[in-house]
K.L.:
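Quick one: the structure is below, questions incoming.
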There are 2 protein chains.
Amino acid sequence: MALRHAVLAALLDEELSGYQLAKAFGLGVANFWHALPQQLYAELARLERDGLVSGREVVQDTRPNKRLFTATDAGLAELERFAATANKPSFIRDDLLVKVQAADHVAAGALIEQLAERAAFADAKIELLGGLLRKMRGGMSEEEFLRHGERIGPYLTCLRGIAFEQGNRDWCRRSAAILEERRTAHARG
Amino acid sequence: MALRHAVLAALLDEELSGYQLAKAFGLGVANFWHALPQQLYAELARLERDGLVSGREVVQDTRPNKRLFTATDAGLAELERFAATANKPSFIRDDLLVKVQAADHVAAGALIEQLAERAAFADAKIELLGGLLRKMRGGMSEEEFLRHGERIGPYLTCLRGIAFEQGNRDWCRRSAAILEERRTAHARG
DNA sequence: GGCGACATGTAACAAGTTACATGATTTA
DNA sequence: TAAATCATGTAACTTGTTACATGTCGCC
């Protein structure tokens, strides 16, 4: 039950609907936690039942009505308790890396293509996350914001996400180039 | 059922027991896939049942007997098929990042401590993975190995793992320093 | 007129985690 | 002599995924 804490952390600074939360898990939160919309709706229901978040109905004319959630005092207390517990080792799963592990045994062409796609995807994500950072720090420089800004938690995790995607991009491009060169050399040889 | 492919990829270059496989998932394979020993024993049984790996009993005097597994031709074919399918988005979960997301609302002390621990852990892992790389490339330089080495798949994923841990370490140290400075400034103010 | 965004879920199934179980050997 | 390593699992429980279900509004 750790999705619980990721959801609470996402609801600390903003009041969000399930739908908006799902979008957050598709971008900023994705830097440290993966979850599908269905899980989020279910978790919000459990969190509300347990008094860790509270929801309020917002009636809309032009859009379907929605419920906006925030963490309650009990929710914040739960997060504080969680922050003092031991960390599980970080958890990664990546199909593409599984394929690269098998690179010497599978067709190189498809792999090189997928590495290029992933690199392009990483570039796009870096752009998006960069936009989030600019939005968060407003007019401030990064240095000033990190010293004196009000809420730096989401900024820091976003920085980690950008660095991760840069690492991804660089590694994908380099690996693709290496596989391509080996393929060419083999075709010549 | 994607653990299946991670296990197959790990069994391409080496004949491993369940126990040794679990160790691989604790180090090299952990760079792209997370799984517990119990899952691996169960998955090996399923893979063998489906003819994708084959096991052979090895009788030992001083240690309990063990079964060594390798991928069969059918297993390799399954991996080739997998290599041509679309990738799921990469999957990350990290308790520590959840806590940093909530950094503005929870006690800074514990967080700074955990960031320092994680940085030290990353350093240790970089050392271990660096050792793996040296072992894989033998006497060759990295450039030569990547051009002419026989099996570069595991080498490439290991490079990604090292870069990931370096990114982790740098981000942890920087974040800890920022949180520390803010805490000190607050205490002074 | 079709597609994507908004908005919220349920149900069936697959996968992962935690706790338990056993027992010899080597190292500190 | 206590702890770690080698070696392999089972059982109960919790979580996550896939497929389905519904309906409006705005844009191209």
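Letters go in sequence order (proteins before strands), and every chain restarts at 1.
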K.L.:
Grab the two heavy atoms, one from B:Ala74 and one from B:Gly51, that are nearest each other, plus how far apart they are.
P.N.:
CB-O, 3.7 Å

K.L.:
Got a sec, which pairs hit side chain to side chain donor-acceptor pair (under 3.5 Å) with one end in residues 107-123 of chain B, sequence neighbours left out?
P.N.:
A:Asn87-B:Gln114, B:Asp94-B:Arg118, B:Lys99-B:Gln114, B:Asp123-B:Arg169, B:Asp123-B:Arg173

K.L.:
Which pairs with one or both residues in residues 28-52 of chain A pass salt bridge (charged side-chain N to carboxylate O under 4.0 Å, His left out), sequence neighbours excluded?
P.N.:
A:Arg4-A:Glu43, A:Arg4-A:Asp50, A:Glu43-A:Arg46, A:Glu48-A:Arg67

K.L.:
Nearest 0.5 angstrom please: A:Ser175 OG to A:Glu180 CD, how far?
P.N.:
13.0 Å

K.L.:
Please list all pairs meeting ring-ring contact (aromatic ring centres under 6.0 Å, His included) that have one or both residues in residues 114-146 of chain B, counting only residues at least two apart or in different chains.
P.N.:
B:Phe145-B:Tyr155

K.L.:
Tell me whether A:Arg174 is salt-bridged to B:Glu142, with the criterion being a basic N under 4.0 Å from an acidic carboxylate O.
P.N.:
yes

K.L.:
Taking it one step at a time, do B:Asn31 and B:Phe164 satisfy side-chain contact (heavy atoms from CB on, under 4.5 Å)?
P.N.:
CA-CA 8 Å; B:Asn31 292 321; B:Phe164 175 73; 5.9 Å; no

K.L.:
If we only count heavy atoms from C-beta on, is the B:Arg160 to A:Leu97 side-chain gap below 4.5 Å?
P.N.:
yes

K.L.:
So for the helix from C:dG1-D:dC28 to C:dA28-D:dT1, with five pairs setting each end axis, what is the inter-axis angle to 10°?
P.N.:
60°

K.L.:
Mind listing the residues from residues 10-31 of chain B sitting with a heavy atom below 4.0 Å of DNA chain D? Number order is fine.
P.N.:
B:Ser17, B:Gly18, B:Tyr19, B:Lys23

K.L.:
Please check this pair: side chain of B:Thr72 against backbone of B:Leu52, looking for a donor-acceptor N/O pair closer than 3.5 Å.
P.N.:
yes

K.L.:
For side-chain contact (heavy atoms from CB on, under 4.5 Å), just list the numbers for B:Leu11 and B:Val53, CA-CA rounded to whole Å, side-chain angles, deciding distance to a tenth of an Å, and then say yes or no.
P.N.:
CA-CA 8 Å; B:Leu11 292 177; B:Val53 305; 3.8 Å; yes

K.L.:
Going by number, which of residues 60-71 of chain A have a non-hydrogen atom under 4.0 Å from DNA chain C?
P.N.:
A:Gln60, A:Arg63, A:Pro64, A:Asn65, A:Lys66, A:Arg67

K.L.:
With a 4.0 angstrom cut-off to heavy atoms of chain A, pull out the first and last contacting nucleotide of DNA chain D, in 5'-to-3' order.
P.N.:
D:dT15 to D:dG26

K.L.:
Protein-nucleotides 13-16 of chain C N/O pairs closer than 3.5 Å?
P.N.:
{"unit_1": "C:dA15", "atom_1": "OP1", "unit_2": "B:Met1", "atom_2": "N", "d": "2.4"}
{"unit_1": "C:dG16", "atom_1": "OP1", "unit_2": "A:Arg93", "atom_2": "NH1", "d": "2.7"}
{"unit_1": "C:dG16", "atom_1": "OP1", "unit_2": "A:Arg93", "atom_2": "NH2", "d": "3.3"}
{"unit_1": "C:dG16", "atom_1": "OP2", "unit_2": "B:Gln39", "atom_2": "NE2", "d": "3.1"}
{"unit_1": "C:dG16", "atom_1": "O5'", "unit_2": "B:Gln39", "atom_2": "NE2", "d": "3.3"}

K.L.:
Just so I know, are the side chains of B:Leu40 and B:Leu3 near enough to count as touching, which here means a heavy-atom distance under 4.5 Å?
P.N.:
yes

K.L.:
So how far is it from B:Cys158 SG to A:Gln101 CD, rounded to the nearest 0.5 Å?
P.N.:
9.0 Å

K.L.:
Only pairs under 3.5 Å count here: list side-chain donor-acceptor contacts from residues 14-28 of chain B, not counting sequence neighbours, and write none if there are none.
P.N.:
{"unit_1": "B:Glu15", "atom_1": "OE1", "unit_2": "B:Arg56", "atom_2": "NH2", "d": "3.1"}
{"unit_1": "B:Glu15", "atom_1": "OE2", "unit_2": "B:Arg56", "atom_2": "NE", "d": "2.6"}
{"unit_1": "B:Ser17", "atom_1": "OG", "unit_2": "B:Tyr19", "atom_2": "N", "d": "3.4"}
{"unit_1": "B:Ser17", "atom_1": "OG", "unit_2": "B:Gln20", "atom_2": "N", "d": "3.0"}
{"unit_1": "B:Ser17", "atom_1": "OG", "unit_2": "B:Gln20", "atom_2": "OE1", "d": "3.4"}
{"unit_1": "B:Gln20", "atom_1": "OE1", "unit_2": "B:Ser17", "atom_2": "N", "d": "3.0"}

K.L.:
What verdict does the side-chain contact (heavy atoms from CB on, under 4.5 Å) test give for B:Val98 and A:Leu8, after you've listed the backbone C-alpha separation in whole Å, the side-chain angles of each residue and the deciding distance to 0.1 Å?
P.N.:
CA-CA 9 Å; B:Val98 173; A:Leu8 281 171; over 6 Å; no

K.L.:
Among residues 124-131 of chain B, which residues get a heavy atom nearer than 4.0 Å to DNA chain D?
P.N.:
none

K.L.:
Counting only heavy atoms and a strict 4.0 angstrom limit, can you tell me which residues of residues 76-84 of chain A come near DNA chain D?
P.N.:
none

K.L.:
Evaluate B:Leu179 against A:Ile152 for side-chain contact (heavy atoms from CB on, under 4.5 Å), listing each step before the verdict.
P.N.:
CA-CA 9 Å; B:Leu179 290 173; A:Ile152 62 161; 3.9 Å; yes

K.L.:
Taking CD in B:Glu143 as the centre, count heavy atoms belonging to other residues, nucleotides or ligands within less than 6.0 Å. Is the count above 12?
P.N.:
no

K.L.:
Report the distance from atom CD1 of A:Ile178 to atom CH2 of A:Trp171, rounding to the nearest 0.5 Å.
P.N.:
9.5 Å

K.L.:
Enumerate the residue pairs fulfilling ring-ring contact (aromatic ring centres under 6.0 Å, His included) with a member in residues 64-111 of chain B, sequence neighbours excluded, ordered by first and then second residue.
P.N.:
A:His34-B:Phe91, A:Phe91-B:Phe91, B:His5-B:Phe82

K.L.:
Measure the CD1-CG distance between A:Ile126 and A:Leu133 for me, rounded to the nearest 0.5 Å.
P.N.:
11.5 Å

K.L.:
Verify, without hydrogens or angle tests, whether B:Arg182 (side chain) and A:Gly149 (backbone) share a donor-acceptor contact under 3.5 angstrom.
P.N.:
yes

